Amino acid sequence: MARVLLFGPLRDLAGWRERTIEAGSLSALKAAIAAEDAALAEALDGPGVQVALDQALVRGDPKLAAGSEVAFLPPMSGG
Amino acid sequence: MARVLLFGPLRDLAGWRERTIEAGSLSALKAAIAAEDAALAEALDGPGVQVALDQALVRGDPKLAAGSEVAFLPPMSGG
Amino acid sequence: MSITLTEEPFDAGALLSDFTRGRTETGAVATFTGIARAEQGSTATLELEAYPGFTEAEIGRIAEQARARFGLDDLLILHRVGEIAPGEPIVFVATAAGHRRAAFEACDFLMDYLKSKAPFWKKEHGPGGARWIEPTDADHADRARWEQETDR
Amino acid sequence: MSITLTEEPFDAGALLSDFTRGRTETGAVATFTGIARAEQGSTATLELEAYPGFTEAEIGRIAEQARARFGLDDLLILHRVGEIAPGEPIVFVATAAGHRRAAFEACDFLMDYLKSKAPFWKKEHGPGGARWIEPTDADHADRARWEQETDR
């Protein structure tokens, strides 16, 4: 069960900010999202979207542990 | 009678900050000062010393009116 | 070194008073206060979202860079999140250094970073609806100045 | 636009609070606070002399230049005169503008002027006696930056 967080425009698009989703890897997590919201899944792969796993930026397809926190960060706007 | 003001190191050298001196022009004023304090008179002509007449910088040998304020400004140090 | 996010309005002056107090070895304190503009009378409200923990840590990394690069004695960053009304301060940065050039440059550097790259997402609620905002070209150009300087 | 000389210690934060209050159209406020350093534990006191009237007028001329050159909404300069103890603020400059670059640059410009050319005479009373101070080479170099920019 990963805790999934969405920020900025991704949150508006999805209609939620935080959910728990069953997935053992980032690619499995995205597949689970795509199965119910194709537009959101496409946006998560959009230009400039970064992924943070337990508050550190990651690339590739990391494994997810029970209680992992996965955040999808669209391009940052600055303050 | 001109009101004469000294600032910074000129004031320390002269031992006074403000005096009234009888003089009809800047050159006459300097001559009056030289008559009693040659070291001060020399310092007033030293490098970077500016003269303000009634709070405006002047050059040359302006006439002094009764109640003129003449200030000798050594090089400014900034704040 | 203090980095804080807050949902409450703040008084930049009170922060400066605290920051300046008792600094007998610091010659120079520079500050910047960013204020939400009313944008010619429109009553736009800003909504600023952060990723708690991550956002402070990312700002902290850059603050540590600034401290080392400019030889700062200390720095303070306070940033609003949540809903911000026109006229309210959004961000306050203070830098303390021995001499003024370091204090000014560090403050400028930190603001360029905060405005262009810090992990915030900003939404403007105006009369015509809401829209997400991205950094301006000027913000990117401002930040790029510091990278060019490093290359020299 | 406010230019003041004062013989009393002041709180930079209180000045910033007043300066910032109610500015709904100003996006950016930059400040600088200069503090008398204790200079590695020596207990030097500064004595700063101005020519009342003339000094404010000269600073006002430069302040008006800064206002026009950088498009400032407002500015404030407060400068101590008389005896200043280590740790006490000597000068506070605040600039308000629509955007941060103008506010920063104007504040920097005003400080360079104040430190190198403003009509003050500064005496340091240290353990080894008193001496009059002239601007450093760095102060002159800082100020010269703005003249080069005008030439371009």
Side-chain angles (χ1 to χ4, degrees), chain B residues 1-21 23 25-26 29-30 33 37-79, chain D residues 3-6 32-36 46-62 77-82 84 88-93 110-125 129-143:
Chain B
M1 297 290 279
R3 200 164 142 249
V4 180
L5 305 176
L6 302 181
F7 291 91
L10 292 175
R11 184 238 302 167
D12 279 1
L13 176 67
W16 51 270
R17 180 192 294 265
E18 176 173 346
R19 284 179 58 182
T20 53
I21 297 176
S25 69
L26 180 60
L29 174 64
K30 285 182 173 177
I33 289 172
D37 188 340
L40 175 59
E42 193 180 325
L44 296 182
D45 282 328
V49 174
Q50 300 183 83
V51 179
L53 172 58
D54 295 330
Q55 306 225 336
L57 294 176
V58 290
R59 286 161 187 267
D61 186 22
K63 298 276 171 250
L64 304 182
S68 286
E69 179 176 293
V70 179
F72 291 95
L73 311 175
M76 295 153 182
S77 65
Chain D
I3 292 159
T4 313
L5 304 182
T6 176
F32 182 83
T33 309
I35 300 169
L46 278 182
E47 183 188 339
L48 211 60
E49 190 181 4
Y51 179 7
F54 181 85
T55 297
E56 293 95 320
E58 288 289 303
I59 294 173
R61 256 180 352 103
I62 302 294
I77 298 172
L78 185 81
H79 212 297
R80 281 285 295 280
V81 292
I84 300 159
E88 289 183 354
I90 302 173
V91 57
F92 179 77
V93 174
L110 287 167
M111 277 308 305
D112 283 350
Y113 164 74
L114 288 167
K115 290 298 286 185
S116 65
K117 286 201 78 175
F120 293 102
W121 297 274
K122 188 159 56 178
K123 199 176 191 175
E124 196 177 276
H125 295 266
R131 66 184 187 96
W132 291 97
I133 295 174
E134 305 226 338
T136 64
D137 289 346
D139 289 329
H140 286 304
D142 282 343
R143 190 175 47 79

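Chain letters run A, B, ... following the sequence lines, proteins first, then strands; residues in each count from 1. Hydrogens, waters and symmetry mates are skipped; everything else that's a heavy atom, side chains included, is used. Because the structure is predicted, anything quoted here is derived from the model rather than measured.
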- Between D:Val81, D:Thr55, D:Leu114, D:Ile90, which shows the greatest number of heavy-atom pairs under 4.5 Å with chain B?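 Most heavy-atom pairs under 4.5 Å with chain B: D:Leu114.
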Output a table of donor-acceptor pairs, distance under 3.5 Å, between side-chain atoms of residues 1-9 of chain B and any protein atom two or more places apart or on a different chain; print 'none' if there are none.
unit_1: B:Arg3; atom_1: NE; unit_2: B:Glu18; atom_2: OE2; d: 2.6
unit_1: B:Arg3; atom_1: NH1; unit_2: B:Glu69; atom_2: OE1; d: 2.4
unit_1: B:Arg3; atom_1: NH2; unit_2: B:Glu18; atom_2: OE2; d: 3.4

- Query: Quick one: does D:Lys117's side chain have a donor or acceptor within less than 3.5 Å of a partner on B:Met76's backbone?
  - Reply: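 Here the side-chain-to-backbone pair does not exist.
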- Query: Do B:Pro74 and D:Trp121 have side-chain heavy atoms sitting under 4.5 Å apart?
  - Reply: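 B:Pro74 reaches D:Trp121 side chain to side chain.
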- For D:Ala50, is it the side chain, the backbone, both or neither that has a heavy atom under 4.5 Å from a heavy atom of chain B?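 Answer is backbone: N, CA, C or O of D:Ala50 sit under 4.5 Å from chain B.
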- Taking all heavy atoms of B:Gly78 and all of D:Leu48, pick out the closest pair and write down the distance.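 Scanning both residues, the minimum pair turns out to be O-CD1, 4.4 Å.
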- Taking only heavy atoms into account, what residues of residues 37-62 of chain B are found under 4.5 Å from chain D?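 Within residues 37-62 of chain B, the residues that come under 4.5 Å of chain D (heavy atoms only) are B:Ala52, B:Gln55, B:Leu57.
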- Task: Applying salt bridge (Lys or Arg N to Asp or Glu O under 4.0 Å), name anything that partners D:Glu56, two or more places apart in sequence or on another chain.
- Result: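 Per chain and number, D:Glu56 pairs via salt bridge (Lys or Arg N to Asp or Glu O under 4.0 Å) with no residue.
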- salt bridge (Lys or Arg N to Asp or Glu O under 4.0 Å) partners for D:Lys123, two or more places apart: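 For D:Lys123 the salt bridge (Lys or Arg N to Asp or Glu O under 4.0 Å) partners, ignoring immediate neighbours, are B:Asp12.
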